[in-house]
Protein chains: 2
Amino acid sequence: MSENRSGRRGRGKAHSPIEVVEADTLAADAAGAARPGDQVMYEAVLAAVMESRLRPGMRLTEAACCEIFDLGRLAVRKALLRLAHEKLVDLRPNRGAVVASPTPAETREIYFARRMVETALMPLAVAAATPAVCAELRAIAHEEAAAVEQGERSAALMLSGRFHMRVAELAGNGVMTEILAGLLSRTRLIVALYGPPEGSPGVPERHLALVDAMEAGDVAGAVALMERHIILVEQALRFDVPARETDLFDIFTRR
Amino acid sequence: MSENRSGRRGRGKAHSPIEVVEADTLAADAAGAARPGDQVMYEAVLAAVMESRLRPGMRLTEAACCEIFDLGRLAVRKALLRLAHEKLVDLRPNRGAVVASPTPAETREIYFARRMVETALMPLAVAAATPAVCAELRAIAHEEAAAVEQGERSAALMLSGRFHMRVAELAGNGVMTEILAGLLSRTRLIVALYGPPEGSPGVPERHLALVDAMEAGDVAGAVALMERHIILVEQALRFDVPARETDLFDIFTRR
DNA sequence: ATCAATAAACTTGTAAACAATTTTATATAT
DNA sequence: ATATATAAAATTGTTTACAAGTTTATTGAT
C-alpha cells in the first residue's frame, strides 16, 4: 500500500462550513464495514445546507473537498454529481461546483409542488396519526418554538423541516417521502436566499394546530391547515432585495 | 493528441438493445459544440428503457458500454451514476450495473405517487387545454390506438407515456414535470416486468375521453377520469407469474 | 457424479499523471 | 489611469495503469 493520496490530513479546518464526522463515530458502519467516502461527503454537505452553514453561491472546489473529507478526487466528484442531480449544487463545466441558487420562478414551482405533495399525503398521515406519533410531532414543534424564542434561526428551520418530513413519513409511501425530501432541502436554499431576516412568523403555532387536527381525525381541516401554512411561508419570502445577495457574494468571492 | 482511448470502434453492435445515434446527426450540437459523451449514453439508455429494448435484469458492464458508445470508462460511470440515481439501474458495489427491477411494493408506491401528481396537476392542465393542444393530445391517442390495433406494444407504450407527459407539461410546473418523468420511466420497467402480455385494455379510449373532459373545461370529470385510468392500468398488472421473469433472465445470462 | 478448494479470467475501484480550460496576475500601450 | 494583451497559476477533465474484488473455470477429493 502506498502512502495513500497526496499529503493531505492535519489541517486547520477550524471554521469550515462543512462539519466532518469521523467515520467510526457513526452508526452506519457498526458492522465494521466502512461507509463509502463519497457518501460521507454527501451527507456532510447536505447537513450543512440544511443548517444553512453552506449558503447559495459558495464554491465547492475539488481540492478543498479532498482536504476537508480526506478523499480522492474521484469520490469528491461522485458526491458532487449526486448533489448536482438533486439540484443542491450547480456543476458548471470546467468551472467547478457552487451551492445552487434557486430562482424566484423555481421557488414558486417548488412551493407549489410542496403544496400538492403534502396535502395529497395528508389523508394517509391522519389515518396513521396515533397519540404516540402526535406526541412526537408536538415535541418537535415545541422545540421549534423554543428555538424561535431564543433567536436560533437555523435550529428552528431544521426542526421545521423535520416536522414536515415526519408528517410525510406517516403516509408510508417511500417514493413520495423521497420526493418531498428533495423539495425540502431545496427549500433551505430558498430561505437562505429570500427568507426574511426576522423569520416567518407563527410557524410553530401552525404546526401545533395541524397536529391537533390530525389527532382529531379531521382530514379536511388538516389538509386546509397544511395548504394555508405552506402558502403563508411562501408569502413571507422577499424577492426584491435579497436576490442581490447572491450577486454580492459572487462579487466578493470572485478573487 | 494520442491515439485516443484503447482500440475501440468498428464492432458489430448489430442487435444491441442500445441504439446509438451518431453525435453529429442530432440537433443538440448544431452550434458545433459536441454534446458530452455521458449524456449521449444516458439518453440512449433512457430511450432503450422507454421502448422496452432494455429489460429489467439486463447487465450493463462498463467495458460493453465503452465499446457501444465509444466512451472512456469515466463517462460511462457518470452516465450509470445518473441512471442509478433515477432508479433505472441498480449499482451494486464491485458487481456492476443492471437495469432495475422494481418490486411489487415499489410498484404500488409509484402508481400511488402518479395518481397524486397527475390528479393534482389536472386543474392547471385543464386551464391550459386550448383546442390546439387538445388536437395534439388526440393525435397522440389516435396514433396509440393504431399501434395497439397492429399489436405494436412498445410503440403504444411509448405513445401512452408521451400522452401523460404532455398533459402534465400543460400545468407549466417544471419541477412537477420532472418528478412525473421519473415516475413514468420507472413505470416502463414495471410494465416490462408485470405487464400482461395482451396489454392493458382500453387505454387509448380512456385517453380520448380524458381529452374530451379537458376541452369541455370539466375539471372534476377530468380529475376523476385520470384517477380511474391510473387505477385501471395498475390493476391490469400481474404480480404472480411474472416476478419469475427476472429470475429466469438472471439464470440465462449468468454465463 | 457431486462437491469443495484452487486458479484463472473478468470486472469494478482508485490513484497518479497528464491535458485542457479557466481564472488571476503582470506587463504594455493608448 | 484604463484597457488590452500576455504570462502564470489554479482548477477541472481525461487517460492510463494498477489494485482489489467477483465471477467463472479447473482440479482434486469423497
Side-chain angles (χ1 to χ4, degrees), chain A residues 1-9 11 23 29 31-42 57-84 89-99 249-255, chain B residues 1-9 23 29 31-42 57-84 89-99 247 249-255:
Chain A
M1 274 132 224
S2 62
E3 238 314 342
N4 115 324
R5 272 135 210 164
S6 54
R8 243 177 268 101
R9 198 122 225 179
R11 213 208 45 158
D29 55 343
R35 203 173 25 158
D38 57 271
Q39 178 134 348
V40 174
M41 169 172 163
Y42 166 78
M58 281 186 178
R59 293 185 57 188
L60 294 168
T61 63
E62 293 184 3
C65 294
C66 286
E67 271 201 33
I68 294 171
F69 301 105
D70 192 27
L71 293 175
R73 280 180 61 199
L74 219 82
V76 168
R77 288 171 73 109
K78 200 170 164 186
L80 287 176
L81 224 53
R82 182 168 169 194
L83 290 162
V89 314
D90 274 352
L91 225 47
R92 307 159 304 175
N94 281 319
R95 304 190 53 217
V98 297
V99 178
F249 191 92
D250 276 348
I251 290 167
F252 287 140
T253 60
R254 201 137 157 249
R255 48 152 193 173
Chain B
M1 282 135 218
S2 62
E3 241 309 349
N4 114 326
R5 270 131 211 168
S6 54
R8 244 177 264 103
R9 196 123 227 179
D29 55 341
R35 202 172 26 158
D38 57 270
Q39 178 135 346
V40 174
M41 170 171 162
Y42 167 79
M58 282 185 177
R59 295 184 56 186
L60 294 168
T61 63
E62 292 185 3
C65 294
C66 286
E67 271 201 32
I68 294 172
F69 300 104
D70 192 25
L71 294 175
R73 281 181 59 199
L74 214 85
V76 168
R77 287 171 74 109
K78 201 169 163 186
L80 288 175
L81 222 53
R82 181 167 170 195
L83 291 162
V89 315
D90 275 351
L91 224 48
R92 306 159 304 175
N94 281 319
R95 304 190 54 219
V98 296
V99 178
D247 300 332
F249 191 92
D250 276 347
I251 291 167
F252 288 141
T253 59
R254 205 140 156 245
R255 49 151 192 171

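The sequence lines fix the lettering, A, B, ..., with proteins before strands; numbering per chain opens at 1. Quick note: numbers below take in every heavy atom, side chains included, and nothing from hydrogens, waters or symmetry partners.
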Rounded distance in Å - CG (A:Asp70) to P (C:dT14): 14 Å
For A:Lys78 and C:dT12, give me the distance from atom NZ to atom P, rounded to whole Å. 13 Å
So which one's nearest nucleotide on DNA chain C is more toward 5', A:Ala75 or A:Asn94? A:Ala75
Within the structure, does a side-chain N or O atom of A:Arg73 lie under 4.0 Å from either OP1 or OP2 of C:dT14? no
Rounded off to whole Å, could you give me the CG-to-P distance for the B:Leu71 and D:dG13 pair? 16 Å
Heavy-atom nearest pair, B:Ala84 first then B:Leu91, reads CB-CD2, 3.9 Å
Nearest-0.5 Å distance that lies between atom CD1 in B:Ile68 and atom OG1 in B:Thr61: 7.5 Å
Could you state the atom-to-atom distance from CZ of A:Arg59 to P of D:dT11 in whole Å? 7 Å
Between A:Leu74 and B:Arg92, name the one whose nearest nucleotide on DNA chain D is closer to the 5' end. A:Leu74
Expected list for residues 74-82 of chain A: side-chain donor-acceptor pairs under 3.5 angstrom, two or more places apart:
residue, atom, partner, partner atom, Å
A:Arg77, NH1, A:Glu62, OE2, 3.1

Please report, rounded to the nearest Å, how far the C1' atom of C:dT11 is from the CG atom of B:Leu80. 13 Å
Integer-rounded Å distance: D:dT11 P and A:Leu91 CG: 16 Å
Using atom CZ of A:Arg77 as one end and atom C1' of D:dT14 as the other, report the distance to the nearest whole Å. 8 Å
Non-hydrogen atoms of A:Gly72 and A:Cys66 that approach each other most closely: C-SG, 3.9 Å
Of the listed nucleotides (D:dT22, D:dG13, C:dT23), which one gets closest to any side-chain atom of A:Arg95? C:dT23
